[in-house]
Amino acid sequence: MYDLILDDMIQYLEKELTLLRQLAFLSLFGAVIMIGFVAYTLAVFIHDGGVGSMPVETVSKTSGDMLSESIEVSQRKETLYITLPFSLGLNVYLLMMAELLKSLALVAVFFLMAKFFHLVAKGQLFMAQNSKYLKFAGNTVATIGIYYYLRGFLISYLIRDELSAPGSEISGSSGYMVEFILVGMILVLFGYIMEEGRNIYEEQKLTV
């Protein structure tokens with residue numbers, strides 16, 4: 001019974017071979033793009049003399065502004081993108097290294113996903129590498145989300161004496177922290193599901 005289900009699944013994958021190969025190619029292309037982005041980012045950091053495009057959030061208390069006769073604005077919130085010059089100290093250099101490592105980590109994620117899609121396209125769904133690829137990619141993506149959260153604190157520390165605006169509060173932004181952590185958790189979950197599927201498949205083979 002299980003062999004029939006497996007055969008049906010393989011036949012389905014063969015029909016979807018083109019799509020899976022396209023996903024593998026797109027993932028590999030994403031890895032190449034990220035490598036180029038790393039080189040571009042490093043060049044921009046050197047040219048600007050600092051780490052640029054760092055998000056900070058500013059919250060302005062503007063009580064009294066009215067959207068309508070009955071709705072009052074209590075505060076305004078917006079995201080600014082700033083460049084932190086290397087003159088601020090060693091922490092900016094560490095931030096630059098962290099940003100480059102983040103981009104290199106995404107290169108690894110795209111490359112592993114390309115290998116994953118390639119194996120699945122070949123009908124090797126229950127290979128041990130597949131679950132490892134997904135779990136590693138998921139943990140890496142989730143770690144990047146945590147990094148975004150910690151980066152916000154570091155940016156706040158660096159700018160606390162540099163930026164000031166009357167009637168407003170400025171702090172580091174956590175960026176896409178939630179999105180990265182959720183995607184990472186989903187990838188890890190699929191990795192464990194695939195690992196369990198492989199264990200069941202091996203047990204069925206031994207039983208037969």
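Everything quoted here is computed from the prediction, not taken from an experiment.
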Inset, instruction - Only pairs at least two apart or in different chains count here, so list each side chain to side chain donor-acceptor pair (under 3.5 Å) that has a residue in residues 83-95. - result: none
Legend entry - Interatomic distance, His118 atom NE2 to Ser27 atom OG [nearest 0.5 angstrom]: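 Nearest 0.5 Å value for the NE2-OG distance: 12.5 Å.
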Legend entry - Inter-residue atom distance Ile181.CD1 - Thr143.OG1, 0.5 Å rounding: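 So the gap between those two atoms works out to 9.0 Å.
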Donor-acceptor contacts under 3.5 Å from residues 39-50 side chains, at least two apart:
residue: Thr41; atom: OG1; partner: Phe37; partner atom: O; Å: 2.7

Legend entry - Ile82 to Val56 - nearest heavy-atom pair and separation: CD1-CG1, 3.7 Å
Inset, instruction - With sequence neighbours left out, write down each residue that passes ring-ring contact (aromatic ring centres under 6.0 Å, His included) with Tyr176, or none if nothing qualifies. - result: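 Tyr176 satisfies ring-ring contact (aromatic ring centres under 6.0 Å, His included) with no residue once adjacent residues are dropped.
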Inset, instruction - Could you list all the salt bridge (charged side-chain N to carboxylate O under 4.0 Å, His left out) pairs where at least one residue sits in residues 133-142, not counting sequence neighbours? - result: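 Those involving residues 133-142 are Lys135-Glu195.
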Legend entry - Pairs touching residues 173-189 that satisfy salt bridge (charged side-chain N to carboxylate O under 4.0 Å, His left out), sequence neighbours left out: none
Legend entry - Heavy atoms of other groups near Tyr149 OH, more than 12 under 6.0 Å: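 For Tyr149, atom OH is not crowded (no more than 12 foreign heavy atoms under 6.0 Å).
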Legend entry - Hydrophobic cluster partners of Val32 (side-chain heavy atoms under 4.5 Å): none
Inset, instruction - Any chance you could pull the hydrophobic cluster mates of Ile33, using side-chain heavy atoms under 4.5 angstrom and chaining through other members? - result: Phe29
Quiz: residues 94-116 side-chain donor-acceptor pairs under 3.5 angstrom, not counting sequence neighbours:
residue: Glu99; atom: OE1; partner: Lys102; partner atom: NZ; Å: 3.1
residue: Glu99; atom: OE2; partner: Tyr147; partner atom: OH; Å: 2.5
residue: Glu99; atom: OE2; partner: Arg151; partner atom: NH1; Å: 2.9
residue: Lys102; atom: NZ; partner: Tyr148; partner atom: OH; Å: 3.3
residue: Ser103; atom: OG; partner: Glu99; partner atom: O; Å: 3.3
residue: Lys115; atom: NZ; partner: Tyr133; partner atom: OH; Å: 3.2

